[in-house]
Structure formats: C-alpha cells, structure tokens
Amino acid sequence: MPELHCDANPRMIAYYLKGSGMDGVSGYQDLPDGHTSMEAEYLAIIYGLNEYFLKWNKELDARQSSLDVEKAKRTGEFDMADVASPADKTPRPLPPAVLVCSDNEVVVKQLSREYHIGNDRLRKLAMRVWQMTKNVEVKYQWISRKENLAGKM
C-alpha cells in the first residue's frame, strides 16, 4: 500500500510518497502568514493527496498511451484525427488504497473520525479531505516525528 507522509508548521508544508512506484515523489510549499499548525497539517495532507492522485492519473495515461501505440503497430492503423486524450477514451480505475502518515496525532484521530472537530476552519479542511477521498480507501496512521519522511525535507 502506498504511503503518504505529511508534515507541516505554520510557515511550510511537506509531503513524501513512498511505495507502489511512487518512491521519492515529494514536495513542499511555503504558506502565507495566518495558518495554525493544525491547519498547516491538514493542508499538507491535501497537497499530498493531490500529488498522489496526479501521479496515479499520469501513470494510467502513460499505460494507455503505450497500449494505443502497440495496437497501432499491430494493426497498422494510425488515426491522426483522434485527438482525445487516453483519459477521455478509457474509464479510470480508482487509485489503490493509501496510508496517510502524520506525526500530528490529533489530526490523524480527527480524520479517522475518532475525535470531534470543534474548530470551523479545521472542520472545513477535514471535509475537503473526506470529499477528495470518498471513493478511495484511505487509512490514517500516527507515526513518530523520527519516522516521518516528510519531516526530513
């Protein structure tokens, strides 16, 4: 199962993808002033999930493109008028389940629906995460700061 490691502070977020051919996909983003540590942690998860979904879709497009080229070689048919992207031509399978790892235990428990989210801003961010992942199996796990690969960036 791919892992998404996330870490944040009020000034910056970072994420690191690990497993299922995504090793080394990482990123970081400066944040504007005015975010709390908790908000930043949620934003790191959102950014990381976006990157996970983008990486998955690019991989699917590459696979479909290779299949189209192989088919054209076998049949000798090259349809130059066909300009639709592979994504338009094929149904998209859902990405594999992902494990979201964070060293912020409260955020992990909130996203796992073990803790109530009393803050409106945090609730909106959590709802955004849940909306993004409604068709994908996502597990949330607390890890120590020492184990968090995103924290080393």
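Here, residue 1 is the first one in the sequence, and each next residue gets the next number.
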Quiz item: Are the side chains of Met132 and Phe53 in touch, meaning some heavy atoms are under 4.5 Å apart?
Solution: yes
Quiz prompt | Arg123 CZ: over 12 foreign heavy atoms closer than 6.0 Å | solution = yes
Practice problem: Hey, could you give me the OH/CD distance between Tyr140 and Gln110, rounded to the nearest 0.5 Å? | Solution: 12.0 Å
Quiz item: So if you build clusters from Ile, Leu, Val, Met, Phe, Trp, Tyr with side-chain heavy-atom gaps below 4.5 Å, do Val108 and Leu4 land together?
Solution: yes
Quiz item: Closest approach of Val106 and Met38, non-hydrogen atoms and distance?
Solution: CG1-CE, 3.4 Å
Quiz item: Taking Glu39 for the side chain and Thr36 for the main chain, is one N or O donor matched with an acceptor at less than 3.5 Å?
Solution: yes
Self-check item: Interatomic spacing from CG in Leu111 to CZ in Arg113 - rounded to 0.5 Å
Solution: 8.5 Å
Quiz item: Can you name the residues that form a side-chain contact (heavy atoms from CB on, under 4.5 Å) with Ala8, not counting sequence neighbours?
Solution: Ile13, Ala40, Glu41, Ala44
Quiz prompt | His116 NE2 to Leu122 CG distance, which is reported to the nearest 0.5 Å | solution = 10.5 Å
Exercise. For Tyr52 and Ala97, work out which heavy atoms get closest and say how close.
Key: OH-O, 3.9 Å
Practice problem: Output yes when a side-chain donor or acceptor of Asn148 lies under 3.5 Å from a complementary backbone atom of Cys6, and no otherwise. | Solution: yes
Quiz prompt | Donor-acceptor under 3.5 Å (Arg128 side chain, Ile46 main chain) | solution = no
Quiz prompt | Spatial distance of atom OG (Ser26) from atom NZ (Lys18) [nearest 0.5 Å] | solution = 13.5 Å
Self-check item: From CD (Glu137) to CG (Leu99), nearest 0.5 Å
Solution: 10.0 Å
Practice problem: May I have the step-by-step check of salt bridge (charged side-chain N to carboxylate O under 4.0 Å, His left out) for Arg145 and Asp7, ending in yes or no? | Solution: CA-CA 9 Å; Arg145 180 165 271 307; Asp7 199 14; 2.9 Å; yes
Practice problem: I would like to know whether Tyr16 and Glu3 meet side-chain contact (heavy atoms from CB on, under 4.5 Å); could you show each step before the answer? | Solution: CA-CA 8 Å; Tyr16 183 89; Glu3 294 178 9; over 6 Å; no
Quiz item: With side chains defined as the heavy atoms from C-beta onward, is the minimum distance between Gln141 and Ile143 less than 4.5 Å?
Solution: yes
Quiz item: Of all heavy-atom pairs between Ala150 and Tyr15, which one has the smallest distance, and what is that distance?
Solution: CB-CA, 3.9 Å
Quiz item: Step by step, would you call Val100 with Leu49 a side-chain contact (heavy atoms from CB on, under 4.5 Å)?
Solution: CA-CA 9 Å; Val100 175; Leu49 285 170; 4.3 Å; yes
Quiz item: Is there a donor-acceptor pair under 3.5 Å between the side chain of Ser102 and the backbone N or O of Asn104?
Solution: yes
Practice problem: Check whether any side-chain heavy atom of Trp142 sits under 4.5 Å from a side-chain heavy atom of Lys109, and report yes or no. | Solution: no
Self-check item: Inter-residue atom distance Glu105.CD - Ser112.OG, 0.5 Å rounding
Solution: 10.5 Å
Quiz item: Does the side chain of Leu31 come within less than 4.5 Å of Met12's, by heavy atoms?
Solution: no
